Enquirer: 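Would you mind keeping the following structure in view while I ask a few things?
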Amino acid sequence: QVQLVESGGGVVQPGTSLRLSCAASGFTFSSYAMHWVRQAPGKGLEWVAFTSYDGRTKNYGDPVKGRFTISRDSSENNLYLQMNSLRGDDTATYYCARENFGYSSGYGTPNWGQGTLVIVTS
Amino acid sequence: QSALTQPASVSGSPGQSITISCTGTSRDIGNYKLVSWYQQHPGKAPKLMIYEAAKRPSGVSNRFSGSKSGSAASLTISGLLAEDEADYYCCSYAGNSTYVFGTGTKVTVL
């Protein structure tokens, strides 16, 4: 079955960097677009980043554009989120999520990881 | 990328039907049929309930239905059950491979 496992979260100081990973299994990773979505404590869901199935198309939410980079390694079935210049308002649980259908996007994400918590504090 | 607007809370008694609205703009919901809805219980990852505005993934109860009209979408839960008590979020494609979530709605079963 589809499994997504995030890792790499932790407590960091403002201005520093962190890289999140999402290990994918149970499906052909190279055929699916992927997303990062975050949720600040007690708040709603916020879309963070998207990568197409082949990694050629990427985009970001305005709050993270220019600071975060999404990437994927289809040889290792891993999705990444490089987060630089972290700020307090980046504190959140970060989820990776798989698109509904292969070679497409916009049709919802039926598969989510358990999330990894990032806390940015001095 | 402004968040889609949802009511903060909606409530209903068991067996009743409730509808959650999701209001966007011509840049997102108004321009695409790619609206999805998610259910999230406390401490859990979101669960996809509706995609492409009105389609249900396999395994999702047919008590959940979605629709879209103009720049707004809605999720209806019929035959409300205690287990439906959760937070619900809409999400729309907003062009150029970007997406936007709604502000979220807390559903309470009285």
Side-chain angles (χ1 to χ4, degrees), chain A residues 1-6 22 32-66 68 70 72 92-101 103-117, chain B residues 1-9 20 22 27-29 31-60 64 66 68 73 75 86-106:
Chain A
Q1 72 280 22
V2 174
Q3 192 168 9
L4 300 169
V5 179
E6 301 94 338
C22 170
Y32 287 83
M34 299 290 294
H35 300 260
W36 286 99
V37 175
R38 69 184 181 183
Q39 186 169 36
K43 302 297 184 182
L45 300 174
E46 180 182 24
W47 176 76
V48 172
F50 163 87
T51 177
S52 58
Y53 69 95
D54 57 2
R56 292 182 180 182
T57 300
K58 303 174 185 181
N59 217 336
Y60 304 88
D62 286 343
V64 309
K65 197 170 287 188
F68 289 12
I70 188 172
R72 61 190 302 158
T93 295
Y94 285 75
Y95 295 98
C96 63
R98 195 204 81 172
E99 270 284 345
N100 205 351
F101 304 111
Y103 307 108
S104 66
S105 57
Y107 298 98
T109 52
N111 305 105
W112 295 64
Q114 83 289 351
T116 187
L117 179 61
Chain B
Q1 292 179 359
S2 297
L4 307 173
T5 301
Q6 297 181 233
S9 62
I20 303 168
C22 172
R27 295 183 298 275
D28 37 64
I29 296 178
N31 205 23
Y32 305 97
K33 203 177 177 182
L34 301 176
V35 178
S36 50
W37 287 91
Y38 297 86
Q39 175 193 66
Q40 187 181 34
H41 287 108
K44 301 293 188 182
K47 175 185 178 182
L48 179 66
M49 306 304 284
I50 295 288
Y51 68 96
E52 211 174 344
K55 296 181 178 180
R56 265 189 318 274
S58 61
V60 171
F64 292 84
K68 183 184 103 78
L75 175 72
D87 294 325
Y88 291 82
Y89 297 90
C90 57
C91 181
S92 175
Y93 181 65
N96 199 26
S97 298
T98 66
Y99 297 79
V100 59
F101 276 97
T103 50
T105 298
K106 181 176 181 59

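Predicted, not measured: the structure shown is a model, and the values here were computed from it. Labels below follow one simple rule: chain letters A, B, ... track the order of the sequence lines, proteins then strands, and each chain is numbered from 1.
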Enquirer: Tell me, do B:Ser36 and B:Leu48 make a side-chain contact under 4.5 Å, heavy atoms counted?
Expert: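 Sidechains of B:Leu48 and B:Ser36: in contact.
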
Enquirer: Using non-hydrogen atoms and a 4.5 Å limit, figure out which bit of B:Lys44 sits close to chain A: side chain, backbone, both or neither.
Expert: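 Backbone only.
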
Enquirer: What's the shortest heavy-atom distance between A:Thr93 and A:Gly115, and which atoms?
Expert: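 Scanning both residues completely, I find the closest heavy atoms to be CG2-CA, 3.8 Å.
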
Enquirer: How far does CG of B:Asp87 sit from OG1 of B:Thr105, to the nearest 0.5 angstrom?
Expert: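 Here the interatomic distance stands at 8.5 Å.
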
Enquirer: Checking heavy atoms, do the side chain of B:Pro46, its backbone, both or neither come under 4.5 Å from chain A?
Expert: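 Contact with chain A: backbone and side chain both.
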
Enquirer: Determine the minimum heavy-atom distance between B:Phe101 and B:Tyr89, stating which atoms define it.
Expert: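 Heavy atoms of B:Phe101 and B:Tyr89 come nearest at CD2-CB, 4.3 Å.
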
Enquirer: Please identify each residue that fulfils side chain to side chain donor-acceptor pair (under 3.5 Å) with A:Arg38, with sequence neighbours left out.
Expert: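 A:Arg38: side chain to side chain donor-acceptor pair (under 3.5 Å) contacts with A:Glu46, A:Asp90, A:Tyr94.
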
Enquirer: Measure the spacing between CH2 of A:Trp47 and CH2 of A:Trp36 and express it to the nearest 0.5 Å.
Expert: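 Output value for this atom pair is 14.0 Å.
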
Enquirer: Pick from A:Gly61, A:Ala33, A:Pro63: which one has the most heavy-atom pairs with chain B under 4.5 Å?
Expert: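 Highest number of heavy-atom pairs under 4.5 Å: A:Gly61.
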
Enquirer: Can you see which heavy atom on B:Tyr32 is nearest to which on B:Arg27, and at what distance?
Expert: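 Result for this residue pair: CE1-O, 3.7 Å.
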
Enquirer: Does any backbone or side-chain atom of A:Tyr95 lie under 4.5 Å from a heavy atom of chain B? Answer side chain, backbone, both or neither.
Expert: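 Looking at A:Tyr95, just its side chain touches chain B.
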
Enquirer: Which residues in residues 48-58 of chain A have a heavy atom less than 4.5 Å from any heavy atom of chain B?
Expert: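 Residues in range: A:Phe50, A:Thr57.
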
Enquirer: Checking heavy atoms, do the side chain of A:Asp62, its backbone, both or neither come under 4.5 Å from chain B?
Expert: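 Both the backbone and the side chain of A:Asp62 come within 4.5 Å of chain B.
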
Enquirer: Which heavy atom in B:Cys90 sits nearest to a heavy atom in B:Gln6, and how many Å separate them?
Expert: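 Minimum heavy-atom contact is N-OE1, 3.0 Å.
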
Enquirer: Checking B:Tyr99 against chain A: side chain, backbone, both or neither under 4.5 Å from a heavy atom?
Expert: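 Its backbone and side chain both get close to chain A.
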
Enquirer: Measure the spacing between NZ of B:Lys33 and OG of B:Ser92 and express it to the nearest 0.5 Å.
Expert: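 One gets 13.0 Å once the value is rounded to the nearest 0.5 Å.
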
Enquirer: Taking every heavy-atom pair that is under 4.5 Å apart, which of A:Asn111, A:Val37, A:Thr109 has the most such pairs with chain B?
Expert: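 The residue among A:Asn111, A:Val37, A:Thr109 with the greatest pair count is A:Thr109.
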
Enquirer: I need the B:Ser97 OG to A:His35 NE2 distance, nearest 0.5 Å.
Expert: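 Rounded to the nearest 0.5 Å, the OG-NE2 separation comes to 9.0 Å.
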
Enquirer: Sort B:Asn96 into side chain, backbone, both or neither according to what part of it lies under 4.5 angstrom from a heavy atom of chain A.
Expert: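 Contact with chain A: backbone and side chain both.
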
Enquirer: Taking side chain as everything from C-beta outward and backbone as N, CA, C, O, which of these in B:Tyr38 sits under 4.5 Å from a heavy atom of chain A? Side chain, backbone, both or neither.
Expert: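 For B:Tyr38, side-chain heavy atoms alone lie under 4.5 Å from chain A.
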
